[in-house]
Amino acid sequence: MSRKKKTRKVFSKVTVTDAGAKGKAIAKAPDGRVIFINNAVPGDVVDVQTNKQRKAYYEGTAIQIHEESPKRTQPVCKHFGTCGGCKWQNMQYEAQLEYKQREVENNLKRLGKLELPAITPISGSEEQYFYRNKMEFSFSDSKWLTLKQIKSDAIIEDRNALGFHIPGMWDKILDIDKCWLQRDPSNAIRNGVKEFATKNNIPFFNTRNQEGLLRTLMIRTSSTGELMVLVQFFADEKEPRELVLDYLKESFPEITSLLYVINEKGNDTIYDQEVICYNGRDHIFEEMEGLKFKINAKSFYQTNSEQAYQLYKITRDFADLQGSETVFDLYTGTGTIAQFVAKNAGKVIGVEAVPDAIIAARENAQLNSIENVEFYVGDMKNVFNEAFVAKHGKPDVVITDPPRDGMHKDVVEQLIKIKAPRIVYVSCNSATQARDLALLDPYYKIKKVQPVDMFPQTHHVENVVLLELR
């Protein structure tokens with residue numbers, strides 16, 4: 001039986017009215033259904049071709065612009081539209097901030113049904129490009145061809161790519177010439193390695209066939225000027241591996257930490273792999289207000305260092321510590337916030353599920369001679385219990401910075417039980433934050449809300465909320 005052919009509709013001269021979840025633009029179809037458009041800006045008048053139809057909505061692409069929105073701007077990156085990274089490069093930065101602020105407000109009001117104080121204007125990023133301190137690129141021997149390349153008659157001999165996955169395609173890599181997200185020498189390193197490996201016939205990885213040698217390239221920079229480069233190889237082949245690593249060592253003497261991994265698994269994650277130091281140290285240092293943080297290949301550290309500093313300052317300001325308080329820092333990661341607020345507190349207790357992160361947190365506390373912090377490892381819902389509170393005393397302030405899924409309901413219940421006078425809730429997903437705040441709402445009043453833009457040119461937004469016991 002033949003499958004029913006998808007019917008694609010074209011809607012003419014549709015006015016784009018808003019920006020919504022996952023950075024999609026929003027418009028209304030003539031039948032009243034919502035259209036989510038992946039390449040338009042609020043204020044545009046466009047023709048839209050649909051590629052998905054559901055009961056309540058359509059998804060589609062703008063195929064012609066009749067009127068350009070005053071919020072539009074020319075994207076700076078030549079890969080814009082193919083690479084899925086910076087979806088909002090075609091929108092002026094002031095407008096990006098406006099929609100991020102609105103998303104936070106809508107989520108807290110509509111999803112959480114919360115009563116809010118006046119929301120403080122979003123803290124925008126001074127750097128709108130070259131703000132990331134960590135980038136990961138993938139090698140491929142069968143690069144993604146653009147429409148222009150497909151239509152041209154030229155035969156493309158070199159199919160090697162070093163860049164990003166095409167959205168929704170696990171085995172297709174877009175070759176990147178210049179990325180605007182990480183400062184120099186990131187582009188020079190990526191382009192140099194690609195050219196050197198191609199010239200020396202070192203095979204790039206083929207995900208589908210699981211063959212080839214070069215898998216991924218990770219580059220980390222730090223505000224102290226240090227630089228980490230990690231090359232991931234698929235097989236243990238000494239000669240070509242050392243050829244690549246020696247090229248990096250000699251061509252980029254500024255590399256502080258040159259590392260490699262031999263990963264023969266089906267996926268690229270290195271968290272269960274041995275990281276080998278080829279040259280220099282196995283770590284770099286990040287610095288914030290005189291505090292030093294040791295970053296290794298597996299460390300989590302906020303990817304926008306400058307805005308992380310703003311985020312932590314807001315968190316510390318909301319916590320309003322006077323010097324004697326007991327602070328619980330839930331989902332502490334590598335203990336960055338815990339150490340950042342420690343000098344203003346009596347003691348800080350950090351909890352985190354990832355053992356490596358806690359090892360790093362303890363190491364960093366030692367490095368910074370901070371003696372009033374303690375770190376515990378374990379699943380938050382199991383560790384953060386009655387016995388834990390009995391052992392450390394009732395907290396005066398709780399800082400919580402959970403992953404995108406928000407807090408487990410048992411953690412929320414425990415917070416309600418212990419009734420700390422103040423909670424500072426840092427979130428990278430205001431929708432799950434709204435859900436958690438709704439559960440806390442009968443017991444806590446929202447006093448302050450402060451969105452922070454960590455990722456210009458994307459729809460992502462962080463949000464900090466101060467809660468006080470009713």
Side-chain angles (χ1 to χ4, degrees), residues 123 125-127 131-134 182-183 220-228 256-257 280-377 392 395-402 422 424-428 450 452 454 462 464 466:
S123 170
S125 176
E126 214 168 285
E127 302 294 330
Y131 58 80
R132 282 186 71 100
N133 57 37
K134 180 187 177 189
Q182 190 177 37
R183 62 175 68 102
R220 290 186 102 140
T221 53
S222 81
S223 56
T224 60
E226 295 192 335
L227 182 62
M228 176 185 284
T256 317
S257 171
R281 312 192 217 107
D282 68 352
H283 60 275
I284 57 175
F285 286 108
E286 190 50 88
E287 205 172 290
M288 200 182 279
E289 274 191 7
L291 294 173
K292 276 189 155 186
F293 298 102
K294 188 175 168 183
I295 311 286
N296 65 37
K298 298 178 185 181
S299 295
F300 171 78
Y301 192 81
Q302 289 281 5
T303 43
N304 181 341
S305 303
E306 282 78 13
Q307 280 301 90
Y309 182 41
Q310 297 307 319
L311 185 75
Y312 296 164
K313 280 196 290 188
I314 290 159
T315 303
R316 184 171 63 190
D317 178 50
F318 280 16
D320 192 26
L321 301 169
Q322 304 303 310
S324 60
E325 294 90 344
T326 296
V327 180
F328 284 2
D329 182 27
L330 308 183
Y331 311 93
T332 191
T334 53
T336 325
I337 290 179
Q339 292 173 65
F340 193 72
V341 303
K343 65 180 180 208
N344 302 79
K347 65 175 178 179
V348 185
I349 316 294
V351 186
E352 170 60 47
V354 181
D356 283 351
I358 288 297
I359 292 165
R362 288 173 182 153
E363 214 173 296
N364 285 328
Q366 209 172 347
L367 186 72
N368 292 311
S369 305
I370 298 172
E371 290 175 358
N372 63 335
V373 293
E374 286 174 51
F375 294 106
Y376 294 86
V377 69
H392 299 290
D396 302 291
V397 177
V398 173
I399 295 169
T400 181
D401 184 4
R422 259 196 315 288
V424 182
Y425 189 153
V426 183
S427 170
C428 59
Q450 171 71 74
V452 181
M454 303 284 279
E462 299 264 336
V464 191
L466 170 64

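Residue indices begin at 1 and follow the sequence shown.
For the residue pair Q302/Y309, the side-chain donor-acceptor check at 3.5 Å is not satisfied. In this structure, a donor-acceptor pair under 3.5 Å is present between the side chains of Q339 and N368.
Here CG of L311 is found 9.5 Å from CD of Q450. Values are rounded to the nearest 0.5 Å. The line from CD1 of I399 to CD1 of I349 is 12.0 Å long, rounded to the nearest 0.5 Å. Within the model, atoms NE2 of H283 and CZ of F293 stand 14.5 Å from one another, a figure rounded to the nearest 0.5 Å. Note: S257 OG to I295 CD1 = 11.5 Å, rounded to the nearest 0.5 Å. How far CG of N304 is from CD of E462: 10.0 Å, rounded to the nearest 0.5 Å. To the nearest 0.5 Å, atoms OG1 (T224) and CE (M288) are separated by 11.5 Å.
Considering all non-hydrogen atoms of both residues, M454 and Y131 come closest at O-CE1, 3.7 Å. Summarising the geometry of Y376 relative to I358, their closest heavy-atom pair is O-CD1, 3.5 Å, with the distance given to 0.1 Å. Nearest heavy-atom pair, Q310 versus S123, reported as atom, atom and distance to 0.1 Å: CB-OG, 4.3 Å. Across all non-hydrogen atoms, the minimal contact from A357 to G333 is CB-O, 3.5 Å. Nearest heavy atom pair, residue S222 against residue F285, reads OG-O, 2.9 Å. Listed here is the closest heavy atom pair of D282 and M228: O-CE, 4.0 Å.
Side-chain N or O atoms of E352 include one that pairs as donor or acceptor with a backbone N or O of V354 at under 3.5 Å. Distance alone, capped at 3.5 Å, places no donor-acceptor pair between the N133 side chain and the S223 backbone. Between the side chain of Q307 and the backbone N or O of S305 there is no donor-acceptor pair closer than 3.5 Å. In this structure a side-chain-to-backbone donor-acceptor pair under 3.5 Å is present from T256 to L227. Distance alone, capped at 3.5 Å, is enough to place a donor-acceptor pair between the R422 side chain and the A319 backbone. Under the 3.5 Å distance criterion, the side-chain polar atoms of R220 are matched with a main-chain donor or acceptor of N296. Remark: side-chain polar atoms of N364 are paired, donor with acceptor, to backbone N or O of K294 under 3.5 angstrom.
For the pair F340 and K313, the minimum side-chain heavy-atom distance is below 4.5 Å. Side-chain contact between V341 and V397: absent, with no pair of heavy atoms (C-beta onward) separated by less than 4.5 Å. Side-chain contact between L321 and R316: absent, with no pair of heavy atoms (C-beta onward) separated by less than 4.5 Å. The side-chain heavy atoms of E286 and I284, taken from C-beta on, include no pair separated by under 4.5 Å.
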L466 vs V464, side chain to side chain contact (heavy atoms under 4.5 Å, CB included): CA-CA, chis, key distance, verdict: CA-CA 7 Å; L466 170 64; V464 191; over 6 Å; no
Can you list the steps and then say if D401 with T315 is a side chain to side chain contact (heavy atoms under 4.5 Å, CB included)? CA-CA 10 Å; D401 184 4; T315 303; over 6 Å; no
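By the 6.0 Å contact criterion, CD on E287 is enclosed, its count of non-hydrogen atoms from other residues, nucleotides or ligands being greater than 12.
Between F328 and H392, the angle of the ring planes goes over 60°, which puts this pair in the perpendicular group of the 30/60° scheme.
Classification of R281 and E226 as a salt-bridged pair holds, one side-chain N sitting under 4.0 Å from a carboxylate O.
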